[in-house]
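This structure is a prediction, so every number in the text was calculated from the model and none was measured.
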Amino acid sequence: MIENTVPLSNRLSKREPIQLCFKCIFTLALVLLCVALSFWSLKLDLGNLFSFQSLREIRNYALRFSPPDVTTPFLIKILQALIETLAISLISTSLAAILGLMAALPAAGKLGFVPKAVSRFLLNFLRSVPELVWATLMVLCVGLGPFAGTLALALHTTGVLGRMFAETLENQEPSSLNALTLVGADPISAFFYGTLSEVYVQLLSFTLYRWEMNIRMAAILGLVGAGGLGQMLFYELSLFHEKQVSTIIIAMLMLVMCVDYMSASFRSNQRKKS
Amino acid sequence: MMSQRDPQAKWRFFWSVCAVVCVIPLLGIAHFEPSLLLDPHNLHVMGQFLIEFFPPRIDSEFVALLIKATLETLAMATAGMALAVLFSAPLALAIARNFSVSRIGGRQGRVLGKLIRSALRIIMLLLRGMPELVWALIWVRVFGLGTAAGVMAIAFTYSGLLAKVYSDILDSSSSNFAQALLLEGSGRIAAFCYGALPECSQELASYTVYRWECAVRVSVVMGFVGAGGLGQLMDQSMKMLSGGEVSSILIVFLALVLFADALSYIIRQQLK
């Protein structure tokens, strides 16, 4: 993330020392003004927020979360919700990969200008509506439950993957495709054996990356009723079962950390290989 | 014709079958029923809802409500970020290895320093490991419905995140000015101000601005769990199935995210 390959002496010599200029002071003042305005407009009283009494309330509320409920039947329920979360993320990502590839072909300009513009617009729209908004819409559409979450994630991810796929296809050198077409292959098999076989590793790595994000998202989509761990958390919190809630939160944390760890080690492996 | 066949076809077929066999039980777990999409009742409800999307509702009463909610969303993100910076700066300073006095040597307290540092690292991990929305849901129970819960949620998650990244930035700076100052016996804050800040300030500021952009994105949806702003308005309109309101909120949603995107891009370009 943070690259520091340039030797310090180079960097220092190239960069002018920053003086406290008028612009910096003005910007700082503007930022402070915005912050103050925000606090004022929200009528947030910091003293009140962190007063002795409210801190005591927070402590009392936090104490209700311990100890976490670790009885076997509840743990089994959590395991089921975990598997449901994973299923939601996996199915929605694979669905999105298929739909995204289908939309990426016109979006990469393989079928002419009008389909390109239309599919680009569609993909941008799918992408820019947040997953949670899709989830509330899908809950209206197919009812509460994991299917709504799957659809919501699939819709948003189709937008993201479709765009990434389209860019990959566009940047692909068409030499193999042209060679196959010249020796008489039909366009479909030329695409499969000429283009797809060259880019599929990259497409797969995009898909895996989105899967990782979708696991995290699937865990919280349930807060609006779209299945998985989140729905369980919302349900138990509404019933004031704080001890159960803390177990669910621990499960969520473990899931997120597992995914983080696995993707980090996968990535460092990849880096070693290349 | 046989000679033109794909030599890998057998294996490709085999792996495809394997994938399908693995996915089928998962479909059951996720209650995957596409027929629900075509259910006449659902189609009717959804159709009505979507037809109402046009035209978006833009009478003055609703627009006033929208503007208020939009400003509330922006204020929530900004206030949350301000608190997060306030919380995370001392945390980052405490855990950055470059600022470890005991590590430089010559002074006591190496074990204690390490212990405190690991404890703070675990706290940060918990703060940022929990998704913002879960934090918001819990704060709503403490402060009641409204923006205070959203501000606290952003402040908590992002202070964990910012502290981690700030300390990474401080650690990754290749110069030893801060360490030199510490060795000479200066205080930690002075060493930070004169040894590290001149070199890292741009990176720190640009990351903070980027995170502000993310905070705007999040606070837009924070209302779905009752933490105020545009999301709450959307939730209400959605529950009343008034498509016109939902579509105009969606438009504002997208505009707000684009605005935050552009603003943060411009500021970060200036910082380079």
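- Distance CZ/B/Phe143 to OH/A/Tyr61: 11.5 Å, rounded to 0.5 Å.
- The OG1 atom of B/Thr78 lies 9.0 Å from the CZ atom of A/Phe39; values are rounded to the nearest 0.5 Å.
- Residue A/Gln53 places its CD atom among 12 or fewer non-hydrogen atoms of other residues, nucleotides or ligands, all under 6.0 Å distant.
- Between chain A and the options B/Ile267, B/Leu83, B/Val45, B/Leu258, the largest number of non-hydrogen pairs under 4.5 Å is found for B/Leu83.
- Taking CG of A/Leu137 as the start and CE of B/Met238 as the end, the distance is 4.0 Å to the nearest 0.5 Å.
- Nearest heavy atoms, A/Leu253 versus B/Gly129: CD2-C, 3.4 Å.
- Using a 4.5 Å cut-off between heavy atoms, A/Leu95 touches chain B through its side chain atoms alone.
- Scanning both residues, A/Ser41 and B/Ala75, for their nearest heavy atoms gives OG-CB, 3.6 Å.
- Chain B forms more heavy-atom pairs under 4.5 Å with one residue of A/Ile58, A/Leu37, A/Ile88 than with any other, namely A/Ile58.
- Contact count versus chain B (heavy atoms, under 4.5 Å) is highest, among A/Val35, A/Val245, A/Thr85, A/Thr27, for A/Val35.
- Between A/Ala87 and B/Ala30, the closest heavy-atom pair is CB-CB, 4.3 Å.
- Residue B/Met234 touches chain A through its side chain alone, counting heavy-atom pairs closer than 4.5 Å.
- Note on B/Arg141, B/Met46, B/Lys239, B/Glu72: by heavy-atom pairs under 4.5 Å with chain A, the leading option is B/Arg141.
- Neither the backbone nor the side chain of A/Val31 has a heavy atom closer than 4.5 Å to any heavy atom of chain B.
- Looking only at distances, a side-chain donor or acceptor of B/Asn42 sits under 3.5 Å from a matching main-chain atom of A/Cys141.
- Both the backbone and the side chain of B/Val134 come within less than 4.5 Å of a heavy atom of chain A.
- We find the CG-CG distance between A/Leu223 and B/Leu133 to be 6.0 Å, quoted to the nearest 0.5 Å.
- For A/Lys243, the NZ atom counts as densely surrounded, since its 6.0 Å shell holds more than 12 non-hydrogen atoms of other residues, nucleotides or ligands.
- The environment of OH in B/Tyr210 is sparse: at most 12 heavy-atom neighbours from other residues, nucleotides or ligands sit within 6.0 Å.
- Counted within 6.0 Å of CD1 on A/Ile188, heavy atoms from surrounding residues, nucleotides or ligands total 12 or fewer; the atom is thus considered open.
- Interface remark: B/Phe32 contributes backbone and side-chain atoms alike to the contact with chain A (heavy atom separation under 4.5 Å).
- Residue contact with chain A, scored on non-hydrogen atoms closer than 4.5 Å, involves the side chain of B/Leu250 exclusively.
- With a 4.5 Å cut-off on non-hydrogen atoms, A/Leu90 touches chain B through its side chain but not through its backbone.
- With rounding to the nearest 0.5 Å, the separation of CD1 in B/Ile29 from CG in A/Leu86 is 9.0 Å.
- Of the two parts of B/Val246, neither the backbone nor the side chain holds a non-hydrogen atom closer than 4.5 Å to a non-hydrogen atom of chain A.
- In this structure, A/Val133 and B/Phe224 have side chains that are in contact, with non-hydrogen atoms separated by less than 4.5 Å.
- Within the 4.5 angstrom heavy-atom criterion, atoms from both the backbone and the side chain of A/Ser128 approach chain B.
- Using a 4.5 Å cut-off between heavy atoms, A/Thr136 touches chain B through backbone and side chain atoms alike.
- Interatomic distance, CG of B/Leu125 versus CE of A/Met257, reported as 3.5 Å (0.5 Å rounding).
- Ranked by heavy-atom pairs under 4.5 Å with chain B, the first of A/Val256, A/Asp260, A/Ile249, A/Val224 is A/Ile249.
- Both the backbone and the side chain of B/Leu27 come within less than 4.5 Å of a heavy atom in chain A.
- Proximity to chain A involves both the backbone and the side chain of B/Leu137, based on heavy atoms less than 4.5 angstrom apart.
- The contact between B/Arg12 and chain A is made entirely by side chain atoms (from C-beta outward), counting heavy-atom distances below 4.5 Å.
- The shortest heavy-atom contact between A/Phe147 and B/Glu33 is CE2-O, 3.1 Å.
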